[in-house]
Amino acid sequence: MSSEEGKLFVGGLNFNTDEQALEDHFSSFGPISEVVVVKDRETQRSRGFGFITFTNPEHASVAMRAMNGEGVEGSGRQSLAAWEATTGPA
């Protein structure tokens, strides 16, 4: 398995969403090995997107189908985009 398998891009995040909130929201789909919310280098404020890596790529696929177009609880945004980090949006 490559390091990119099981990795999802998650966009449309509220700027207050942190790694723990993102992990809590996606953990119901399976074990997660890494969660990253990308932050601005200067301000350390979230840039509104991140990556989640599941230990099993099948769990990532299930999460992607279930969460695409949904919102993260408390994110304040209604449209969450999730797709495999290696392929981009369909």
Non-hydrogen side-chain atoms of [X] and [Y] separated by less than 4.5 Å:
X: Leu22; Y: Leu13; value: yes
X: Phe51; Y: Val35; value: no
X: Met67; Y: Phe29; value: yes

Q. Quick one: does Thr53's side chain have a donor or acceptor within less than 3.5 Å of a partner on Ser33's backbone?
A. no

Q.
Is it the case that the side chain of Glu19 and the backbone of Val37 share a donor-acceptor pair, with hydrogens and angles ignored and the cut-off at 3.5 Å?
A. yes

Q) Got a sec, which residues hit side-chain hydrogen bond (donor to acceptor under 3.5 Å, both in side chains) with Asp18, two or more places apart in sequence or on another chain? A) none

Q. What pairs with Glu42 under side-chain hydrogen bond (donor to acceptor under 3.5 Å, both in side chains), at least two apart in sequence or on another chain?
A. none

Closest contact, heavy atoms only, [X] versus [Y]:
X: Gly6; Y: Ala60; result: O-CB, 3.5 Å
X: His59; Y: Gly30; result: ND1-CA, 3.8 Å
X: Phe26; Y: Ala63; result: CD2-CB, 4.0 Å

(Q) Working to the nearest 0.5 angstrom, can you tell me the gap between Met64 CE and Phe54 CZ? (A) 10.5 Å

Q) Which value, rounded to the nearest 0.5 Å, describes the distance between Gln20 atom CD and Thr17 atom OG1? A) 12.5 Å

Q: Evaluate whether atom CD of Glu23 has more than 12 neighbouring non-hydrogen atoms of other residues, nucleotides or ligands under 6.0 angstrom away.
A: yes

Q. Among Asp24, Asn56, Ile52, Leu8, whose side chain to side chain contact (heavy atoms under 4.5 Å, CB included) with Ile32 holds?
A. Ile52

**Q.** Between Asp40 and Gln44, a side-chain donor and acceptor under 3.5 Å
**A.** no

